[in-house]
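Note sheet for the following structure.
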2 protein chains.
Amino acid sequence: MTQAPLDTEPDDSGPPTCFSCPNRERTEWCVLTEAETKFLVGRKKSRRYLPGETIYRQGDPCNGIYCVESDMVGIRRNDPDGNSILLGIAYEGTILGYRSYLADEEHRCSAEALKACTLCFIDAATLRQLLQGNPDLGLQFLKRTARALGQAEDKFFQSVTLTIRTRFAHLLLVMKDRYGQEHDDGGLVMELPLSRQDLASMIGVRPESMSRLIRRFEDEGIAFFSGRRVHVPRLHILMDEIQSADLA
Amino acid sequence: MTQAPLDTEPDDSGPPTCFSCPNRERTEWCVLTEAETKFLVGRKKSRRYLPGETIYRQGDPCNGIYCVESDMVGIRRNDPDGNSILLGIAYEGTILGYRSYLADEEHRCSAEALKACTLCFIDAATLRQLLQGNPDLGLQFLKRTARALGQAEDKFFQSVTLTIRTRFAHLLLVMKDRYGQEHDDGGLVMELPLSRQDLASMIGVRPESMSRLIRRFEDEGIAFFSGRRVHVPRLHILMDEIQSADLA
DNA sequence: AAAGGCAATTGATCAGGATCAATTTCGGCG
DNA sequence: CGCCGAAATTGATCCTGATCAATTGCCTTT
């Protein structure tokens, strides 16, 4: 492991100031005044994580929140029987662990780096001060949380009403927004950031089922998979898969 | 129908003032000052609904929120294919439709009176003023929304990892908290507020499956059903059903 | 009391995924 | 280059819950 030095670099690497952070406008922090931002900068801790490294673990007390500075983090949920599902992926500019903090509960999910990435940690006390000082920040979180709630209800609804086939089509279309390269001929190419296992655990099926599902998509000419690269020859065919069932 | 006069009584019936509302301390409104509460009282509209009557419908614009004054309201979600699931039940003292308002979206669920009940409507403009005037109100909603998000994620997770049998046991134990009458001998009796159909749609299965599930519980001596009355002879046997899989 | 309608139950069958087991493929490494 | 171990695929079978169809039970209506 030549990259060992990255391992536990303890504190402030990365942009030492949020002012230079390119994600700032997209985060909830955008409503902070300059003074408040300065306060935040002084209190946050930035740190780098290796791929696969755990950021926090389900059941841990929530001591603060994290802000993804670069790359991506997986939000995962496990149970004692060894079931594991990937609830979502957080990209740069999104805040992590806010649910547990706001609900005043332990973490209900684990967060783990999907590739090497950098996160800022903001401790609970700091966040509390910011929330009390600037009500708009709370309203930002409110909107974010309410949206997430809508999506979570969607997922539940879809999990009991749709087949895995439809849910997979859904997933691919969501992935398209971030990874898709649309071709002029109605085709689409993307390089997914996930293993088959992880793809499977995003829609809540076993890896074997995911394999067969992929096989069926290929046999029917809907999409072709080679490693993590996906080729969708005619996008509208994939869209047809979710026809009447769409409620996104 | 001797109760016809209840039908569309348009406005302020019920406690004309939130001050006398017995639920007040349990709602998010508890952080309002007296002046703010007075403002709220002047703006809210109270109205009675008949059993089965729709309060708002999925897809409607969200013009404000509702506060359940008495009895219960079902939160339901439908799709174009005729699937319908009951996402939850809201009791007196809980606020409805806040998600859509906060996320600034249309309603994603319908709300319908499960029995005759009374609700107050608070229009969006009023709510906005209150939120801006009193940051604590936002924080109240924040906590509520964050908790709901945790529960929604739970439901999703459970829907893909647990069998309907376990999920039904879960549901019964949740129902117990509100409707259960625990006997000294470790037994439990409750009178559920739901039809079989609705029970089924709470865990996302067909009514036939619910019937068979109930049959199995009876055959195994776990619980006995007669109409809407449920008798659980030994509570711990029901609890055993959710053994390792519990994460509530 | 009879009739109608809807909810609930039951039966028979089907299909979608899970599970278990066996290969195969692939990426890293000596 | 060939080896190793993990990931991915494939096959065979099982089991859960859906589906379709028929019957029963209950509650309302007359």
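Lettering follows sequence order; numbering is per chain, from 1. Computed over heavy atoms, backbone and side chain alike; hydrogens, waters and symmetry mates excluded. Just so we're clear, the structure is a prediction, and the values are computed from it rather than from any experiment.
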Ignoring hydrogens and angles, answer whether the base of [N] and the side-chain atoms of [X] contain a donor-acceptor pair closer than 3.5 Å.
{"X": "B:Arg212", "N": "D:dT19", "result": "yes"}
{"X": "B:Arg165", "N": "D:dG17", "result": "no"}
{"X": "B:Gln197", "N": "C:dC6", "result": "no"}

Can you tell me how far [atom2] of [N] sits from [atom1] of [X], to the nearest Å?
{"X": "A:Leu194", "N": "D:dA8", "atom1": "CG", "atom2": "P", "value": "11 Å"}
{"X": "B:Asp219", "N": "C:dT9", "atom1": "CG", "atom2": "P", "value": "13 Å"}
{"X": "B:Leu192", "N": "C:dA8", "atom1": "CG", "atom2": "C1'", "value": "15 Å"}
{"X": "B:Glu208", "N": "D:dT24", "atom1": "CD", "atom2": "C1'", "value": "15 Å"}
{"X": "B:Arg228", "N": "D:dG25", "atom1": "CZ", "atom2": "C1'", "value": "15 Å"}
{"X": "B:Met210", "N": "D:dG17", "atom1": "CE", "atom2": "P", "value": "11 Å"}
{"X": "A:Arg229", "N": "C:dC26", "atom1": "CZ", "atom2": "P", "value": "15 Å"}
{"X": "B:Asp81", "N": "D:dT19", "atom1": "CG", "atom2": "P", "value": "11 Å"}

Does any donor atom in the side chain of A:Arg48 or A:Thr118 lie under 3.5 Å from an acceptor atom in the other side chain?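 Per modelled atom types, A:Arg48 and A:Thr118 side chains form a pair under 3.5 Å.
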Side chains of A:Arg178 and A:Tyr91, donor plus acceptor under 3.5 Å: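 There is no such pair (donor and acceptor under 3.5 Å, judged by atom type) between the side chains of A:Arg178 and A:Tyr91.
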Looking at A:Ser211, does any N or O in its side chain come under 4.0 Å of the phosphate oxygens OP1/OP2 on D:dT9? yes
Between the main-chain N or O of B:Asn78 and the side-chain N or O of B:Gln58, is there a donor-acceptor pair closer than 3.5 Å?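 Flag set: sc B:Gln58 to bb B:Asn78 pair under 3.5 Å.
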Is the backbone of A:Ser159 close enough, under 3.5 Å, to the side chain of B:Ser159 for a donor and an acceptor to pair up by distance? no
Which residue is it: A:Arg215, A:Arg165, A:Arg234? I am looking for the one with a salt bridge (charged side-chain N to carboxylate O under 4.0 Å, His left out) to A:Glu220.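 Considering A:Arg215, A:Arg165, A:Arg234, a salt bridge (charged side-chain N to carboxylate O under 4.0 Å, His left out) with A:Glu220 is found only for A:Arg165.
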For A:Arg215 and for B:Ser209, find the nucleotide of DNA chain D with the closest heavy atom, then tell me which residue's nucleotide is more 5'.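 On the 5' side of the pair lies A:Arg215.
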Of A:Pro207 and B:Ile164, whose nearest nucleotide on DNA chain D comes first from the 5' end?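 That would be A:Pro207.
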